Amino acid sequence: MAEIRFKNLTKKFGSVVAVDNIDLHIRDGELLALLGPSGCGKTTCLLMLAGIYKPTSGEIYFDDVVVNDVPPKGRSVGLVFQSYALYPHMTVYENIAFPLRIRRRPKDEIDRRVREVAKMAQIDELLDRKPSQLSGGQQQRVALCRALVREPDLLLLDEPLSNLDARLRIETRSEIKRLQAELGITTVLVTHDQIEAMTMAERVAVMRKGKIEQLSTPAELYRRPENLFVASFIGDPPMNLLRTQQSVENGRPRLNGGDGFVFSLPAEFEQSLAAATGRDVVLGIRPEHVKIVGRPGEHAVRGEVFMTELLGRDTLVDVRSGDQSIRALVPGDVPLEIGENVWLELQPQYVHLFDAGTEARLPDLDLAGSEAAAVP
Amino acid sequence: MSRKSKLFVALLLLPSLLITLVFYFIPAVMTAAMSFTDMDYRLSWNFIGWDNFKRMAQDFLLPRIMKNTLVYTFATLALFNVGFSVVLALVTSFVPERTGRIFQALWLLPRFTPPIVYGVMWMWILDPTRNGLLNSLVVASGGRPVNWIAQYPMATIVITNGIIGVSFGMIIFYSAIKSIPREFIWAAEADGASWLQQVRHVTLPLIRWPLLFVTAYQTLSLLTSYEYILILTEGGPFFATTVWSLYAYNLAFGGYFANYEFGYGATLSIVLVVLGTIASIVYWRVFRFREMMSEPKIEVM
């Protein structure tokens, strides 16, 4: 087992900076996800962990040892690819045995360990088959077995579920999580799929353009995105992000979104908005926190139904209010006509405020309060 | 398919059919016919039945020539056209792409060079006097000039042919290696395989088809090639480097005393064609080439 540290880790390909001065601490036994759109540097990080890429600068520590110059075979790392990369000319048995055979382990030990790990992954019936004779899910298990057979200190999973169909993905998700917890093996999962990251990982590092935008638990990512990118990336359907100008009327802060869109906030928000005085503010609220109400209220804005999509359990309602478009996720099949006038209630406790210039989250109310209270 | 579209397909195939017919099929048939004649410089079609084949069976030179042909073909194949070209393909795919490409381009140069120029270059390299390139090195390091071609005739023709022949396999294997998804190589690396282990357990098995194809193709190509041997050694000294195809050529057209034995030459050629065909069929079966063929991407018929 191992804990992993990135210190000022940078990887450049020519003039392209793939990973930009990252610091990261992966705890022993933890399942951490690197989440981000393609090209964000997450796979580059993974390949540097495996020893396939060498960092341009900075260090990677396995426990207290710098491993920058340690080749893959000197590291105790198991790697699973999105494409599985099973050797097509070898049987399942030979594929799983390969890392041990390379290390010239005794035949009986190889045999025992291959059968052990295959049994654990429930593919012990398939050992004589060739990869081409297996389903995607089975191939995935073989790849996992090959990565686990030599009991590595670190398990690296590169988009392990992307090639599986939806139902299998859900099953495999929990299976990998259970296996990881059982073995207690430090694991890094690379994915562009937020659901995969959120459901499997203990902590998620959201990456963009080679940098880590936010590192926190899945719940925290959802509840308290630290900037506009994370806010827009996490959540499905995505958060409503409305660009507004701030003003004060009757002692209460107001956000003007243009063409009649006006949203009044409780007075306490003034504190929070003060961090972005004179600048535009992005008002964020998740579709599931937008309520469609029949009458005007304190935190309601007026709008016109533009479109509805029935998603099964819920309905996604797209409402135009002034210059803004707001999506509300409401339970059940809602009988709304296109063009119908509605009121949308944006509950203040679910509102996220961002500085439109710096894209950073404005200080939270309760947090600001508790900080003040903490001062002796 | 309608009559009209059948006609259209036939029309499309016609040009290549004609070319095959005129330049490959008819000459082959004529050679086959000629092998039953005692045609000489008078070019008369005088059929003599199986006499040429009987003569072949008694030709005391033939065992030696057969041995030469086998040694030449399989030594060149194993050492150069397949063996060394795999090594070069691996090396050039491992170094930075630009370096590899430049190296390959240089190695391809002899292919674009007229054979006679390439041959003369080797004559200079192997010249028996102290003016030859190799001998000037030998002399410079205190040795005595060596008569390379006379002393090592078989090695000479294997090396000179091999150095040109390498580039074909090198290019094909290089492309095949480059088209292996890099995840396979990464996986092998992560599994702890050294470079040599990756080559043995992953790369070579994954380029199995190109390997078999080049082996089969180059066997046939070497069986029938003789131009560099003709230029460098003319098959000598005393038949030491005369291979089957060169023997047939010399009987018909060349040697020091022009024989013009077209009839007997044709007999030897036609036997070589039959041997080549047998070799192809064996390769086709043993290497299971049918498995390598994919379904056509569009449906024509």
Side-chain angles (χ1 to χ4, degrees), chain A residues 14 43-44 46-54 70-91 94-105 130-132 139 142-152 154-160 163 188, chain B residues 82 86 89-91 93-102 172-173 175-216 283 286-295:
Chain A
T43 300
T44 307
L46 193 85
L47 292 173
M48 282 195 281
L49 278 172
I52 288 163
Y53 285 163
K54 263 193 187 176
V70 179
K73 65 172 174 170
R75 306 182 184 199
S76 180
V77 170
L79 185 49
V80 176
F81 291 98
Q82 178 178 1
S83 62
Y84 315 134
L86 299 178
Y87 311 121
H89 54 284
M90 298 184 198
T91 63
E94 288 165 334
N95 263 286
I96 301 175
F98 187 69
L100 300 176
R101 243 177 82 208
I102 286 296
R103 287 177 171 71
R104 306 225 157 76
R105 306 311 285 260
K130 286 277 178 75
S132 57
Q139 289 185 34
V142 177
L144 200 60
C145 284
R146 187 176 65 183
L148 288 174
V149 72
R150 66 192 160 96
E151 294 160 11
L154 176 63
L155 179 63
L156 304 174
L157 308 170
D158 186 10
E159 308 268 4
N163 285 2
V188 177
Chain B
V82 176
V86 168
L90 285 168
V91 170
S93 61
F94 190 67
V95 298
E97 180 141 359
R98 236 179 112 82
T99 318
R101 288 289 186 188
I102 290 172
I172 290 192
F173 300 146
S175 319
I177 291 169
K178 281 284 177 181
S179 65
I180 295 175
R182 54 187 184 171
E183 280 83 6
F184 284 127
I185 308 298
W186 285 347
E189 229 174 288
D191 284 343
S194 66
W195 188 68
L196 272 179
Q197 285 171 322
Q198 286 169 37
V199 167
R200 205 186 119 208
H201 296 293
V202 180
T203 312
L204 288 183
L206 289 179
I207 62 164
R208 178 167 167 253
W209 286 123
L211 272 172
L212 299 182
F213 164 73
V214 170
T215 304
Y283 277 135
V286 172
F287 291 168
R288 300 197 304 254
F289 277 126
R290 185 176 287 281
E291 286 177 19
M292 177 163 58
M293 291 163 57
S294 57
E295 295 284 312

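Residue numbering restarts at 1 for every chain, and letters A, B, ... go by the order of the sequence lines. Just so we're clear, the structure is a prediction, and the values are computed from it rather than from any experiment.
- Your options are Val149(A), Val77(A), Leu86(A), Leu156(A), and the one with the most heavy-atom pairs under 4.5 Å with chain B is Leu86(A).
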Check: Can you check ring pair (Phe, Tyr, Trp, His ring centres under 6.0 Å) on Phe98(A) and His201(B), steps first, answer last?
Finding: CA-CA 9 Å; Phe98(A) 187 69; His201(B) 296 293; 5.6 Å; yes

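- For Arg103(A) (side chain) and Asp191(B) (main-chain N/O), a donor-acceptor pair under 3.5 Å exists by modelled atom type.
- Atom CZ in Arg182(B) sits 8.0 Å away from atom CG in Leu47(A) (nearest 0.5 Å).
- How far CZ of Arg101(A) is from CD of Gln197(B): 9.5 Å, rounded to the nearest 0.5 Å.
- Residue Phe81(A) touches chain B through its side chain alone, counting heavy-atom pairs closer than 4.5 Å.
- Among all heavy-atom pairs drawn from Leu206(B) and Pro88(A), the shortest one is CD2-CG, 3.3 Å.
- Using a 4.5 Å heavy-atom threshold, the side chains of Phe184(B) and Ser83(A) count as separate.
- Summarising the geometry of Ala190(B) relative to Arg150(A), their closest heavy-atom pair is O-NH2, 2.6 Å, with the distance given to 0.1 Å.
- Side-chain atoms of Glu189(B) never come within 3.5 Å of backbone atoms of Pro72(A) as a donor-acceptor pair (strictly under, hydrogens ignored).
- Within the 4.5 Å cutoff, the side chain of Trp186(B) has no heavy atoms near those of the Asp158(A) side chain.
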